[in-house]
Structure formats: structure tokens, C-alpha cells
*Asks:* 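There's a structure below that I have some questions on.
Heavy-atom basis, side chains included; hydrogens, waters and symmetry copies ignored. If you're wondering where the values come from, they're calculated on a predicted model, not measured in any experiment.
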Amino acid sequence: MSDRIEVPESFPGPGAVSGKRVVVTGASRGLGALIAHAFSHAGASVALVARTQKDLKAIADALPGPSLVLSGDVTDEGFNEAVADATVAEWGGVDAWICNAGISPIVAGPRETDAAVWRQVMEVNLTGAFLGARPSARVMGEGGRLIFTGSVRGERPRKGLTAYSASKAGLIGMAKGLALDLAPAGITVNVVAPGWFDSPLADGWKNNADLSAAILGHTAQGRWGAPTDLAGAYLFLASDASAFVTGTVLSVDGGYLLV
């Protein structure tokens, strides 16, 4: 048996998403807005999804490429189906669906966490992601990319963040199950798990000297993530270069889970 590997004349470019049609939920602020900008600058058409139309419109106006503004609640099944239909009607299909919408409640122990807060976190972070996955599986075919935004908290819980950690751990399990379910259709399913990034959601931790020191002490690179550190993970998983990557958690955390 020969041990030679036939070398192709060309390779798919990691992050090459020009011409792809991409849905991004939670796109009105923070990391969602960053993801939308990254894909638009890379040549993709981006459907922006969040609750507030005004904020989405501001993002859309700043993008260099084609975009759609679709405002609604990701926990609403009908709205997710409408997002899929609107994107197909406008661009003829969907190539990548990024379930990024999520919330993080205030830090509290189990006795201080109201049951309604628990349900809300699960409804947005986990159920909302599943309700986005359902129509994406309907409209994406061979080469489709379903990407979830997870968190290092899905693998390393933190005191006071039980609800959030549970929702992100559930997201990992859901993604792995969906990767099995959707593999026959040629759709990959993966999770990007950010560590601690300099974003509005992290302001409460970053602006607290003790908390910030503890976080950086658990981060091998000793710094907060910058927005540009995260975009490449999504671009890679949405590109043809990731065709054989599915059911994977890609941690972008500066080595947080190592320490």
C-alpha cells in the first residue's frame, strides 16, 4: 500500500466566505455585531436578527455588503421560520446560520436565582438556539454550516452562574446531537466557545479589579480577548475549509481552560 497522499492543486481558504448567505442572531450589539461585520467585510450577505429593529438598522447601515434586517424574538418558533423564509426569498438560500443570541443574568446563588430567571436563560440560550436550528436544517443543504455561540462556562462553571453555565453546557450536547442528525444532509454543526472578551457583557467583571485579576490569572495569555481574536473562528467554521469538522467545540479563550 502506498503511503503517498495526492496533493491537490488548490486548497479551500480558511475563512473564505465570499458570496455566502449568513444568518446571525443577536446581531444588534456586542459579539453578534462583530460577527456580522466580519462576514460582511469578507464578502458574505448577512441577515441580521435581534429584537430591536432600530439597533439592527444601525448595524446594517455600517456594513459594506448586502444585509437584511429581521427583528423579532428568537424564542418564538414562528419568527425563526420567518427568518429562514425571508432569507431564502431575498437571496435564494442560506449557507450558514449562526445562533449567537444569548443572555447572562446577574451573578447569584441557587437560592437567590428566581425560577423565572432560570427559565428565561434556558429559553433564550438553549431553546432559542434549537428553534433557530430547526429552520436552518430545512433551508440549508449540502455544505450548510450551523454554528452556535457557546462559552467556556459550558465546560468550566463559575460560582453564581449556574443557570448560564447549564444553558451553555446543554448547547454543547445539543450541537453534538444535531451534528449526528444533520451529517447525512451534508450540514456541519459546531460550537464556538469564547473565553473572556472585552465586550459590554463582560464590563461588570472587567471593571472590578478583583474579578478581573482572577480571570486574567486563569488565562494562559494573561489578557482579555480582543474582538479581532474571535471573528476568525466563525469565518473558518462557515468556510469550505471546515468541511470535515462537525460536533466540535472550538474554544477561543487565550488558554483559559488550561489554567
*Asks:* With no hydrogens and no angle check, is any side-chain donor or acceptor of D76 less than 3.5 Å from a backbone partner on D73?
*Replies:* no

*Asks:* Considering all heavy atoms of both residues, which atom of A38 and which atom of A231 are nearest to each other, and what is their separation?
*Replies:* CB-CB, 3.6 Å

*Asks:* Given the rule that I, L, V, M, F, W and Y join up when any side-chain heavy atoms are under 4.5 Å apart, are L146 and M174 in one cluster?
*Replies:* yes

*Asks:* Using modelled atom types only, decide if a donor and an acceptor are shared between the side chain of D240 and the backbone of G13 within a distance under 3.5 Å.
*Replies:* no

*Asks:* CD of Q221 to CG of L258: how many Å apart, nearest 0.5 Å?
*Replies:* 10.0 Å

*Asks:* Less than 4.5 Å apart, any side-chain heavy atom of T219 and any of W224?
*Replies:* no

*Asks:* Shared ILVMFWY cluster between L178 and L131, side chains joined below 4.5 angstrom?
*Replies:* yes

*Asks:* State the OG-CG distance between S251 and L257, to the nearest 0.5 angstrom.
*Replies:* 5.0 Å

*Asks:* For the residue pair V245 and L237, establish whether any side-chain heavy-atom pair is separated by less than 4.5 Å.
*Replies:* yes

*Asks:* Identify whether L161 and V152 are in the same connected component of the hydrophobic contact network (ILVMFWY, side-chain heavy atoms under 4.5 Å).
*Replies:* yes

*Asks:* What is the minimum heavy-atom distance between N80 and P135, and which atoms define it?
*Replies:* O-CG, 3.6 Å

*Asks:* Donor-acceptor pair, distance only, cut-off 3.5 Å: does the side chain of H218 make one with the backbone of V259?
*Replies:* yes

*Asks:* For R223, is the CZ atom crowded, meaning more than 12 foreign heavy atoms sit under 6.0 Å from it?
*Replies:* yes

*Asks:* Run R138 and E81 through salt bridge (charged side-chain N to carboxylate O under 4.0 Å, His left out) and show every step you take.
*Replies:* CA-CA 9 Å; R138 171 170 63 85; E81 297 291 341; 2.8 Å; yes

*Asks:* State whether the side chain of T248 and the backbone N or O of L250 hold a donor-acceptor pair below 3.5 Å, judged by distance alone.
*Replies:* no

*Asks:* Hey, mind stepping through D253 and R153 against salt bridge (charged side-chain N to carboxylate O under 4.0 Å, His left out) and telling me if it holds?
*Replies:* CA-CA 11 Å; D253 63 356; R153 290 299 171 208; over 6 Å; no

*Asks:* Between atom OG of S136 and atom CZ of F130, what is the distance when rounded to the nearest 0.5 Å?
*Replies:* 10.0 Å

*Asks:* Hey, are the side chains of V49 and V74 touching, using non-hydrogen atoms and a 4.5 Å cut-off?
*Replies:* yes

*Asks:* How many angstroms lie between atom OG1 of T228 and atom CZ of F197, to the nearest 0.5 angstrom?
*Replies:* 8.5 Å

*Asks:* Kindly indicate whether the side chain of V83, heavy atoms from C-beta on, has any atom under 4.5 Å from the side chain of V23.
*Replies:* yes

*Asks:* Go through the steps to decide whether V121 and I103 satisfy the test side chain to side chain contact (heavy atoms under 4.5 Å, CB included), and finish with yes or no.
*Replies:* CA-CA 6 Å; V121 172; I103 59 172; 4.3 Å; yes

*Asks:* Quick one: closest heavy-atom pair of A169 and G154, and the distance?
*Replies:* CB-O, 3.5 Å

*Asks:* For L211 and G204, work out which heavy atoms get closest and say how close.
*Replies:* CD1-O, 4.3 Å

*Asks:* Checking the side chain of K176 only, and the main-chain atoms of G247 only, is there a donor and an acceptor separated by less than 3.5 Å?
*Replies:* yes

*Asks:* Is a side-chain N or O of R21 found less than 3.5 angstrom from the main chain of V88, in a donor-acceptor match?
*Replies:* no

*Asks:* Looking at S242 and S239, would you say the former's side chain and the latter's main chain have a donor-acceptor pair under 3.5 Å?
*Replies:* yes

*Asks:* Hey, quick one: are V252 and L171 part of the same hydrophobic cluster, counting side-chain heavy atoms closer than 4.5 Å, chains of contacts allowed?
*Replies:* no

*Asks:* Can you confirm whether more than 12 heavy atoms, excluding those of E123, are under 6.0 Å from its CD atom?
*Replies:* yes

*Asks:* Short question: side chain of S212, backbone of N208 - any donor-acceptor pair under 3.5 Å?
*Replies:* no

*Asks:* Measuring only between side-chain heavy atoms, which start at C-beta, is I35 closer than 4.5 Å to I98?
*Replies:* yes

*Asks:* When you look at CZ of R29, are more than 12 heavy atoms from neighbouring residues, nucleotides or ligands closer to it than 6.0 Å?
*Replies:* no

*Asks:* Evaluate the side-chain proximity of D95 to R145: yes if any heavy-atom separation is below 4.5 Å, no if none is.
*Replies:* no

*Asks:* At what distance, to the nearest 0.5 angstrom, does CD1 of I172 lie from CG of N190?
*Replies:* 12.0 Å

*Asks:* For A33 and S28, work out which heavy atoms get closest and say how close.
*Replies:* CB-C, 4.4 Å

*Asks:* Return the minimal non-hydrogen interatomic distance between P14 and A241, and the atom names on each side.
*Replies:* CA-CB, 3.6 Å

*Asks:* Measure the shortest side-chain to side-chain distance between L56 and T52 over non-hydrogen atoms and say whether it is less than 4.5 angstrom.
*Replies:* no

*Asks:* If you apply the rule side chain to side chain contact (heavy atoms under 4.5 Å, CB included), what do you find for L63 with F39, and how did you get there?
*Replies:* CA-CA 9 Å; L63 297 182; F39 275 88; over 6 Å; no

*Asks:* Kindly indicate whether the side chain of V192, heavy atoms from C-beta on, has any atom under 4.5 Å from the side chain of I147.
*Replies:* yes

*Asks:* Measuring from S151:OG to Y256:OH, what's the distance to the nearest 0.5 Å?
*Replies:* 9.0 Å

*Asks:* Can you hop from F79 to V94 via hydrophobic side chains spaced under 4.5 Å?
*Replies:* yes

*Asks:* Under the 3.5 angstrom rule, does the side chain of N100 hit a backbone N or O of T25 as a donor-acceptor pair?
*Replies:* yes

*Asks:* Could you tell me which residues satisfy side-chain contact (heavy atoms from CB on, under 4.5 Å) with F11, sequence neighbours excluded, listed by chain and number?
*Replies:* V7, P8

*Asks:* Charged N to carboxylate O under 4.0 angstrom, R134 versus E77?
*Replies:* yes

*Asks:* Test your reading of the model: is there a side-chain donor-acceptor pair from S167 to the backbone of Y164, 3.5 Å cut-off?
*Replies:* yes

*Asks:* I'd like to check the side chain to side chain donor-acceptor pair (under 3.5 Å) partners of S18; sequence neighbours left out, ordered by chain and number.
*Replies:* none

